[in-house]
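One structure is given here, and the rest of the page talks about it.
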There are 2 protein chains.
Amino acid sequence: MNLKQLSEILGLSQTTVSRALNGYPEVSEGTRIRVQAAADKHGYRPNSRAKGLATGRSMVIGHVIPSSSQHEMVNPIFGDFVAGAARTYAEYNYDMMFTHAPDTSIEDSYRSLFNRGVVDGVVLQGPKVDEPRISVLSRMGVPFIVHGRSTCAKGAYDWIDVNNQRSFERATRFLIDLGHRRIALINGLEDMDFAQRRRSGYVAALEEAGIALDPCLLRSAEMTEIYGHQTACEMLKLDDPPTAILASSIISAVGVRRALEDNGLKMGRDVSVIAHDDELSYMRNGMDVPIFTATRSSVRHAGELAAEMLIERINAPNDPPKTCLLEAELVVGSSTGPAPQRA
Amino acid sequence: MNLKQLSEILGLSQTTVSRALNGYPEVSEGTRIRVQAAADKHGYRPNSRAKGLATGRSMVIGHVIPSSSQHEMVNPIFGDFVAGAARTYAEYNYDMMFTHAPDTSIEDSYRSLFNRGVVDGVVLQGPKVDEPRISVLSRMGVPFIVHGRSTCAKGAYDWIDVNNQRSFERATRFLIDLGHRRIALINGLEDMDFAQRRRSGYVAALEEAGIALDPCLLRSAEMTEIYGHQTACEMLKLDDPPTAILASSIISAVGVRRALEDNGLKMGRDVSVIAHDDELSYMRNGMDVPIFTATRSSVRHAGELAAEMLIERINAPNDPPKTCLLEAELVVGSSTGPAPQRA
DNA sequence: TGATGCATCCAAAGCGCTTTGAAAAAGAGT
DNA sequence: ACTCTTTTTCAAAGCGCTTTGGATGCATCA
């Protein structure tokens, strides 16, 4: 069923039917109702490609799957962020498109999506400290939003981010206040912008307290469970092991917990752990009582907001750049406690 | 840059340019090279909407985000399955589209995607035991593939699935052979087809061994970490607690492990655990030595295969239905051991 | 009564591509 | 030199929609 057929059935022109369905005022209320009824009855759905061709808009937003090349890993927060965004898109009648790209051609992927007219805008996930994609997209004139920020990016751009620096500074200070001096940071990949900011929050808190930074207590890699486990195991073998560990994701924190248990240590008593909790739906940090003391910020909610900001941008390409800085909450669970007295 | 502009630059007709770029034989090798060079130089990308309109194909495949309504949970395997599929799509020049739908209108979402001409085919994830979407899609004539199967579905359809029944039967038998008699199954949601099959494999193995089924040792819910933890805790409080636990996902298995530790029990010695391992990229089951004894089958690989099968179906709508049954591997880790002697 | 405005509706152009049917150009054969 | 193929190129139609720039009818006003 297409417009032509529908208009023939109704004995109206395509123009009128199209206008009736799209809510233009030039059509009488009577015919509008008649048209709408017929459309519903026959299950008419305007062909979105044709519509897009005519309007110049595709009502589609593009994401490029951030599959870190090295280990072909899917970012665990990907699913929840996307679910949040999708929810907003559905509300505004946008569809959502994905492209997989090897890390090398990720830029091309964005370019291709936009130049082929597939999407009206794109979401940039997982920005690095130095993120070339941002300037590329700016130059191309693609409406886009960044989930996170990029320290090295020059111009202004739309972004939404968690205050990583502040939340990790706070978490670190919390541990220091509990008497900890040997505090480790098991961080995300070093070239990721968020990791850099978390690190600087951590460093700032240590400095403030006059604690020297020990490189042995600082690691970065992709935030898997295995990585958390292995790193924690190694650190526990140090002559002067950490009494507290900050983990950049709840997933690696799970690995840390496993490491503690493997070593016969009790989390919260022997070693304190604070995790960053993105509130992943399948990896909730406990029910009423949090398992981990955590800096908490819903990545799903961020997805919803990001989508909204992007849609705004698409509708008003010339508005000044918008940004949104979310504050993470510090929730106290049972994984932290006072620093144990040295033997 | 569009076709018209490019053809004017070249002094050729749109027809010739189009043919040259699409590899039709009616154009001389000389001009083909010339055209290709110009296209590259100017970064010409055919508008995919226009192309779709003209060809009647969109080169897009649709997925509907399986967000279980109740807890708005994103299926944890979603990301990896999709990453696999995306890889194949990229190879065949397909794009990938997502729609979020509340559980109630999930059927409409598929209908809308297809009727609006947005997609050439769809992937159906997370089929239930009784899955109405299958017959809907069949009737609509949408090319589709099911990741999993639906026991109640009538006609034939394309699917790819893991042999859940067999793998859980094998895992259960493995535990029985180790001397376990109190074996629990912490399963996925009961109305999901895969959960049903795993359960029947479990039941079959118990029956074979003449062990009576104890309803107290059987649970189903969404496979979160919390669920695994809570369920295991409850079961351990029974008068006659399980000595072995089968977990339907590695994520709930993590919860089970936490429960054991909370209760001062050692996994593999006091209580054996077998998990189903989808090889999620951020939740690997150990490095060289598996953490959990597990039934293993890569969901990412399934995604790749599913995409391939769907593309085949799109290209040959009238071929007889194709199916693919993957066998899960049983990998033995340190989470299982002989049943402890009763006190 | 004719001019004016307003509410409805429509024919046709155009979005950027593919593809049909035909024409022009180039070789081949005699 | 002329016809007959074969190769190469093209103009134009069509995909399904929106939108421009009229038409048409009808009530209103002088």
Side-chain angles (χ1 to χ4, degrees), chain A residues 1-36 38-39 42-60 93-95 112-120 315, chain B residues 1-36 38-39 42-60 93-95 112-120 315:
Chain A
M1 171 66 54
N2 59 22
L3 226 208
K4 192 174 173 194
Q5 294 166 6
L6 184 63
S7 63
E8 276 164 5
I9 290 177
L10 283 159
L12 290 171
S13 76
Q14 298 190 34
T15 310
T16 306
V17 176
S18 169
R19 293 206 147 130
L21 294 175
N22 290 318
Y24 282 71
E26 299 97 328
V27 55
S28 71
E29 206 46 38
T31 50
R32 161 162 298 132
I33 291 172
R34 202 160 64 89
V35 169
Q36 191 57 261
H42 296 90
Y44 168 72
R45 306 273 194 166
N47 180 299
S48 72
R49 275 179 266 124
K51 189 166 186 166
L53 237 204
T55 58
R57 299 183 67 175
S58 60
M59 298 304 284
V60 174
N93 286 313
Y94 272 85
D95 285 319
S112 162
L113 275 181
F114 192 69
N115 285 348
R116 288 183 305 146
V118 180
V119 302
D120 292 335
N315 292 328
Chain B
M1 170 65 57
N2 59 23
L3 226 207
K4 192 174 174 191
Q5 294 165 7
L6 184 64
S7 63
E8 276 163 6
I9 291 177
L10 283 159
L12 290 171
S13 75
Q14 297 190 34
T15 311
T16 307
V17 176
S18 169
R19 293 207 148 131
L21 294 174
N22 291 317
Y24 281 70
E26 299 97 326
V27 55
S28 70
E29 205 46 38
T31 50
R32 160 161 300 133
I33 291 172
R34 200 160 63 89
V35 169
Q36 191 58 259
H42 295 91
Y44 167 73
R45 306 272 197 166
N47 181 299
S48 73
R49 274 180 266 121
K51 189 166 185 165
L53 238 204
T55 58
R57 300 184 66 174
S58 60
M59 298 306 283
V60 173
N93 287 311
Y94 272 85
D95 286 319
S112 161
L113 275 181
F114 192 70
N115 286 348
R116 287 184 305 147
V118 179
V119 302
D120 292 335
N315 291 328

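So you know, we letter chains A, B, ... as the sequences are listed, proteins then strands, and number each from 1.
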(request) Answer yes or no: does a side-chain N or O of B:Thr16 lie under 4.0 Å from OP1 or OP2 of D:dC10? (result) yes
(message) Pick the closest DNA chain D nucleotide for B:Leu53 and for B:Glu29 by heavy atoms, then say which residue is nearer the 5' end.
(response) B:Glu29
(request) Provide, to the nearest angstrom, the distance between the CZ atom belonging to A:Arg49 and the P atom belonging to D:dG16. (result) 9 Å
(message) Mind checking if B:Gly30 touches a base, just sugar-phosphate, or nothing, with heavy atoms under 4.0 Å?
(response) nothing
(request) Compare side-chain N and O positions of B:Ser28 against OP1 and OP2 of D:dT9 and report whether any pair is under 4.0 Å apart. (result) yes
(request) Assign each of A:Ala54 and B:Val27 to its nearest nucleotide of DNA chain D by heavy atoms, then name whichever residue's nucleotide is nearer the 5' end. (result) B:Val27
(message) Could you tell me how far apart A:Arg57 (CZ) and D:dC17 (C1') are, to the nearest whole angstrom?
(response) 16 Å
(message) Side chain of A:Glu26 only, heavy atoms from C-beta on: which candidate in C:dC9, C:dG21, D:dG14 is closest?
(response) C:dC9
(message) Does D:dT9 have OP1 or OP2 under 4.0 Å away from a side-chain N or O of B:Thr31?
(response) yes
(request) State which of C:dA11, C:dT18, C:dC17 makes the closest approach to the side chain of B:Tyr44. (result) C:dC17
(message) To the closest 0.5 Å, what do you measure between CG (B:Leu12) and OG (B:Ser18)?
(response) 12.0 Å
(message) Tell me which one of A:Val35, A:Thr16, A:Val27 satisfies side-chain contact (heavy atoms from CB on, under 4.5 Å) with A:Leu21.
(response) A:Val35
(message) Less than 4.5 Å apart, side chain to side chain, heavy atoms only: is that true for A:Val17 and A:Leu3?
(response) yes
(message) Once rounded to the nearest 0.5 Å, what's the spacing between atom CG of A:Asn22 and atom CZ of A:Arg32?
(response) 9.5 Å
(request) Tell me whether the OP1 or OP2 atom of D:dA11 has a side-chain N or O from B:Thr15 closer than 4.0 Å. (result) no
(request) Round to a whole Å and report the spacing from CG of B:Leu10 to P of D:dT8. (result) 17 Å
(request) Measure the distance from CG on B:Leu21 to C1' on C:dG16 and round it to the nearest whole Å. (result) 14 Å
(message) With a 4.0 Å cutoff (strictly under), does any side-chain N or O of A:Asn22 reach OP1 or OP2 of D:dT18?
(response) yes
(message) If you compare every side-chain N and O of B:Ser18 against the phosphate oxygens of C:dT18 (OP1, OP2), does one of them come in below 4.0 Å?
(response) yes
(request) Can you tell me the distance, in whole Å, between the CD atom of A:Gln14 and the C1' atom of C:dA13? (result) 13 Å
(message) Can you tell me how far apart CG (B:Asp120) and OG1 (B:Thr55) are? Round to the nearest 0.5 Å.
(response) 8.0 Å
(request) Take the protein atom CD of A:Gln5 and the nucleotide atom P of D:dC15, then report the distance between them rounded to whole Å. (result) 11 Å
(message) Nearest to the side chain of A:Asn2, heavy atoms from C-beta on, is which of C:dC10, D:dC17, C:dC17?
(response) D:dC17
(request) Using atom CE of B:Met59 as one end and atom C1' of D:dC15 as the other, report the distance to the nearest whole Å. (result) 17 Å
(request) Would you indicate, yes or no, if D:dT8 has its OP1 or OP2 atom less than 4.0 angstrom from a side-chain nitrogen or oxygen of B:Tyr24? (result) no
(message) Is there a side-chain contact between B:Lys51 and the phosphate of C:dT18, meaning an N or O under 4.0 Å from OP1 or OP2?
(response) yes
(request) Indicate yes or no: at least one non-hydrogen side-chain atom of B:Arg57 is less than 4.5 angstrom from one of B:Tyr94. (result) yes
(request) Could you state the atom-to-atom distance from CD of B:Glu8 to C1' of C:dG16 in whole Å? (result) 13 Å
(message) Strictly below 4.0 Å: does A:Asn47 bring a side-chain N or O up to OP1 or OP2 of D:dG16?
(response) no
(message) If you compare every side-chain N and O of A:Ser13 against the phosphate oxygens of C:dC9 (OP1, OP2), does one of them come in below 4.0 Å?
(response) no
(request) Would you indicate which nucleotide in C:dC9, C:dT18, D:dT9 comes nearest to any side-chain atom of A:Arg19? (result) C:dC9
